[in-house]
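Have a look at the structure below before the remarks.
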Amino acid sequence: MVSIFPAYLAPLRESLIGKAVDRGLIELGVHDLRQWTHDVHRTVDDSPYGGGPGMLMRPEPWGQALDTLAPASGAQPRLVVPTPAGRPFTQALAHELAREPWLMFACGRYEGIDSRVVDDAADRMVVDEVSLGDYVLAGGEVAVLVIVEAVGRLLPGVLGNVASHEQDSFSDGLLEGPAYTRPEVWRDRPVPDVLLSGHHAAIARWRRDESLRRTLARRPELLSTVALDKADAKVLAE
Ligand SMILES: Nc1ncccc1[N+](=O)[O-]
């Protein structure tokens with residue numbers, strides 16, 4: 001990862017990803033973009049050609065950073081550039097990135113990075129400009145934390161129990177429904193009886209129905225991407 005705020009990525013040393021790094025499942029490198037500046041002020045930004053508000057990140061430091069970290073002579077990483085102008089980051093893309101041996105992340109700040117940096121990189125590596133959502137963050141670091149966690153947890157051995165990411169929301173294209181643990185009654189709110197029944201088929205049906213109801217209520221557009229059987233259609237027609 002390359003950033004002008006390397007400390008922003010320190011949380012990756014914690015918890016799930018941190019443990020995977022300690023166990024050698026993931027190798028993480030954070031690099032300060034300013035090491036590839038050569039002026040006394042270590043300048044990384046400049047005003048945009050054609051005018052407009054704010055500042056852009058200059059191409060030279062990024063070009064030199066990529067040349068140093070991924071020399072054209074060797075194996076090439078897949079470069080991920082978080083930007084509001086990117087294509088949506090999805091669980092499907094997380095799975096795709098989890099299959100890559102080497103990912104590199106460029107954290108843009110200000111109004112973004114000179115567009116020629118991506119064009120130049122694309123001449124020798126796969127570049128994904130991805131967006132986490134339609135809002136504007138101050139830079140890409142937060143997005144990199146999200147992407148690394150979403151991708152890292154899919155890597156073999158990172159999650160204790162493999163099944164848990166197979167049960168993820170979106171794994172069947174629907175939102176996960178409500179979930180409960182002990183106590184059976186909490187502040188006069190009981191756990192739904194079916195979950196205590198031990199009747200696995202009924203429990204699976206109940207969970208599917210709750211998933212369908214929640215998806216219909218919160219993300220109806222997801223329903224068109226899911227194969228629905230007659231029982232599903234009945235629930236949705238309620
Ligand atoms: N939304 C964003 N705003 C700034 C940088 C990156 C972003 N993103 O979604 O990846």
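Just so we're clear, the structure is a prediction, and the values are computed from it rather than from any experiment. All ligand and atom numbering here is 1-based and tracks the order in the structure. Position 1 is the first residue of the sequence, and the numbers go up from there.
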Can we say R219 and E221 salt-bridge, meaning some charged N sits less than 4.0 Å from an Asp/Glu carboxylate O?
-> yes
Who passes side chain to side chain donor-acceptor pair (under 3.5 Å) against W36, sequence neighbours left out?
-> T68
Would a 4.5 Å heavy-atom cut-off, applied to side chains only, mark E141 and M1 as touching?
-> no
Expected contact list for ligand 1 at under 4.0 angstrom, heavy-atom basis, is P82, T83, P84, V130, S131, L132, G133, Y135, V136, L137, G139, A143
Using a strict 4.0 Å threshold on nitrogen-to-oxygen distance, state whether R124 and D67 make a salt bridge.
-> yes
Just one of L66, V81, V127, V80 clears the side-chain contact (heavy atoms from CB on, under 4.5 Å) bar with M104, so which one?
-> L66
Give a yes or no on whether a salt bridge exists between E176 and R214, defined as a side-chain N under 4.0 angstrom from a carboxylate O.
-> no
